[in-house]
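Shown next, in structure tokens, is the structure this report addresses.
Counting from 1, the numbers follow the sequence of the chain as shown.
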Amino acid sequence: MRETATILVVDDEASIRTIARAYLEQAGFTVVCVDNGLAALQAARDYTPAMIILDLNLPGMDGMEVAARLREHSDVFILMLTARSDEADRVAGLRIGADDYLTKPFSPRELAARVEAILRRRRGVVAPTNELRFKHVVVDPDSREARAGGQLLDLSPTEFDVLLALARHPGRALSREQLIDLVWGTDFFGTDRVVDVYVGQVRRKIEAVTGQTIIGTVRGIGYRFSDERL
């Protein structure tokens with residue numbers, strides 16, 4: 001894949017910005033680099049990037065706060081960079097709205113491959129189709145919007161993809177491996193723990209509106225979308 005999409009790289013280490021720019025530009029992207037959180041928020045407004053590569057450990061406003069502010073008004077893909085090995089930090093990043101993470105030190109080739117894979121994921125999911133209508137939930141693949149109880153759900157791109165994958169197979173128990181194939185595809189990097197995080201996020205957002213457990217856990221297998229089809 002070769003894109004002309006803009007990628008925003010946010011890292012306070014000049015060496016990281018330099019190598020990320022080199023490999024991403026070689027992959028065909030336009031790259032904008034900044035070194036702090038405030039500059040990242042301004043660049044996101046100015047350039048409307050397709051993806052933001054965001055260091056978690058920024059001085060001043062850290063990556064968590066930057067991601068939270070971005071999610072107030074944008075569904076841009078966010079790939080977090082972190083030097084921390086603690087799973088809790090990675091999970092916290094995913095819960096606040098990041099779509100993937102990469103731990104430092106990382107291979108710049110893997111960074112470019114992940115960017116391509118994540119951007120390719122959006123195109124692969126949005127196939128022309130009618131909206132999926134259920135008693136409590138409506139999922140529209142074309143507009144990439146989902147409603148619960150008539151209320152628009154605030155979903156990140158990956159959260160929407162997870163909900164769509166489940167809603168396309170109502171009543172069927174899907175394993176974590178099947179969800180990885182449906183949402184992330186063969187380009188997936190990481191463990192199936194990521195699936196649990198995203199399903200949990202989507203389930204909580206639906207339950208907060210409807211009071212209904214639409215996505216159930218199937219012990220020893222995975223998850224099932226159980227809303228009634230209209």
Side-chain angles (χ1 to χ4, degrees), residues 51 71 75 77-80 87-88 90-102 113-230:
M51 179 181 294
R71 282 292 175 253
D75 67 349
F77 281 115
I78 298 174
L79 172 62
M80 276 198 162
E87 179 181 322
R90 300 194 297 271
V91 170
L94 295 173
R95 283 180 172 163
I96 209 166
D99 296 283
D100 201 353
Y101 65 86
L102 192 59
R114 287 205 188 197
V115 169
E116 292 185 342
I118 292 170
L119 292 180
R120 187 162 57 241
R121 186 196 313 162
R122 169 172 284 176
R123 292 201 307 272
V125 171
V126 188
T129 184
N130 294 324
E131 64 183 9
L132 306 174
R133 301 185 63 84
F134 301 88
K135 182 177 180 180
H136 299 99
V137 175
V138 177
V139 184
D140 187 341
D142 300 320
S143 66
R144 291 186 63 83
E145 291 183 343
R147 296 180 180 274
Q151 179 177 320
L152 185 65
L153 292 173
D154 181 17
L155 301 176
S156 73
T158 303
E159 288 170 352
F160 179 85
D161 291 344
V162 168
L163 175 57
L164 179 59
L166 288 163
R168 280 178 166 164
H169 301 86
R172 177 180 170 185
L174 295 178
S175 68
R176 292 173 178 83
E177 291 77 14
Q178 287 173 315
L179 284 168
I180 287 171
D181 287 341
L182 290 168
V183 176
W184 288 271
T186 58
D187 299 300
F188 176 74
F189 299 88
T191 70
D192 59 11
R193 169 66 172 153
V194 173
V195 176
D196 297 335
V197 172
Y198 281 112
V199 170
Q201 287 291 95
V202 174
R203 178 160 51 193
R204 281 189 290 272
K205 290 180 179 181
I206 293 174
E207 289 179 353
V209 177
T210 67
Q212 303 292 320
T213 302
I214 303 300
I215 303 173
T217 300
V218 183
R219 189 180 300 275
I221 298 177
Y223 300 96
R224 179 190 291 118
F225 183 90
S226 56
D227 203 5
E228 180 182 348
R229 192 74 178 259
L230 296 180

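Under the side-chain contact (heavy atoms from CB on, under 4.5 Å) criterion, Gln212 pairs with His136, Thr210, Ile214, sequence neighbours left out. Listed by chain and number, the residues in a side chain to side chain donor-acceptor pair (under 3.5 Å) with Tyr198 amount to none (sequence neighbours excluded). Every residue was checked against the salt bridge (Lys or Arg N to Asp or Glu O under 4.0 Å) condition with Arg147, not counting sequence neighbours, and none meets it. Partners of Arg71 according to the salt bridge (Lys or Arg N to Asp or Glu O under 4.0 Å) rule, which considers only residues two or more places apart in sequence or in another chain, are Asp99. Ala167 pairs by the side-chain contact (heavy atoms from CB on, under 4.5 Å) definition with Leu132, Phe134, Val139, Phe225, not counting sequence neighbours.
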Query raised in the report: Do Asp75 and Phe160 pass the side chain to side chain contact (heavy atoms under 4.5 Å, CB included) test, and can you show the C-alpha distance, the side-chain angles, and the key distance before you say yes or no?
Result: CA-CA 10 Å; Asp75 67 349; Phe160 179 85; over 6 Å; no

Requested in this report: Give the C-alpha distance, both sets of side-chain angles, the deciding distance and a yes or no for side chain to side chain contact (heavy atoms under 4.5 Å, CB included) between Ile206 and Leu163.
Outcome: CA-CA 10 Å; Ile206 293 174; Leu163 175 57; 4.1 Å; yes

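Asp161 is listed as a side-chain neighbour of Arg144, based on a closest heavy-atom distance under 4.5 Å. Two residues are said to be in side-chain contact when any heavy atoms from C-beta on lie closer than 4.5 Å; Tyr223 and Thr217 meet this criterion. Here the side chains of Gln201 and Ser156 are not in contact, with every heavy-atom distance at 4.5 Å or above. No side-chain heavy atom of Leu166 sits under 4.5 Å from any side-chain heavy atom of Leu182. In this structure the side chain of Val194 reaches within 4.5 angstrom of the side chain of Trp184, judged on heavy atoms.
Put simply, CZ on Phe77 and CG on Asp100 are 10.5 Å apart, with the number rounded to the nearest 0.5 Å. Atom NE2 of His169 sits about 9.0 Å away from atom CG of Leu179, to the nearest 0.5 Å. Residue Leu174 holds its CG atom at 9.5 Å from CZ of Arg224, rounded to the nearest 0.5 Å. Atom CZ of Arg133 is separated from atom CG of Asp227 by 11.5 Å, given to the nearest 0.5 angstrom.
Considering every non-hydrogen atom in both Leu102 and Leu79, the closest pair reads N-CD1, 4.2 Å. Nearest approach of Ala98 to Met80, heavy atoms of both residues: CB-CG, 3.8 Å. Closest approach of Pro170 to Arg229, counting heavy atoms only: CG-NH1, 4.1 Å. Annotation for Gln178 and Ser175: closest pair OE1-N, 2.8 Å, computed over non-hydrogen atoms. Considering every non-hydrogen atom in both Ala148 and Leu153, the closest pair reads CB-CD2, 3.8 Å. Of all heavy-atom pairs between Asp140 and Asp142, the closest is OD1-N, 2.9 Å.
A donor-acceptor contact shorter than 3.5 Å is absent between the side chain of Thr213 and the backbone of Gly216.
Applying the salt bridge (Lys or Arg N to Asp or Glu O under 4.0 Å) test to every pair with at least one member in residues 199-220, sequence neighbours left out, gives these pairs: Glu159-Lys205.
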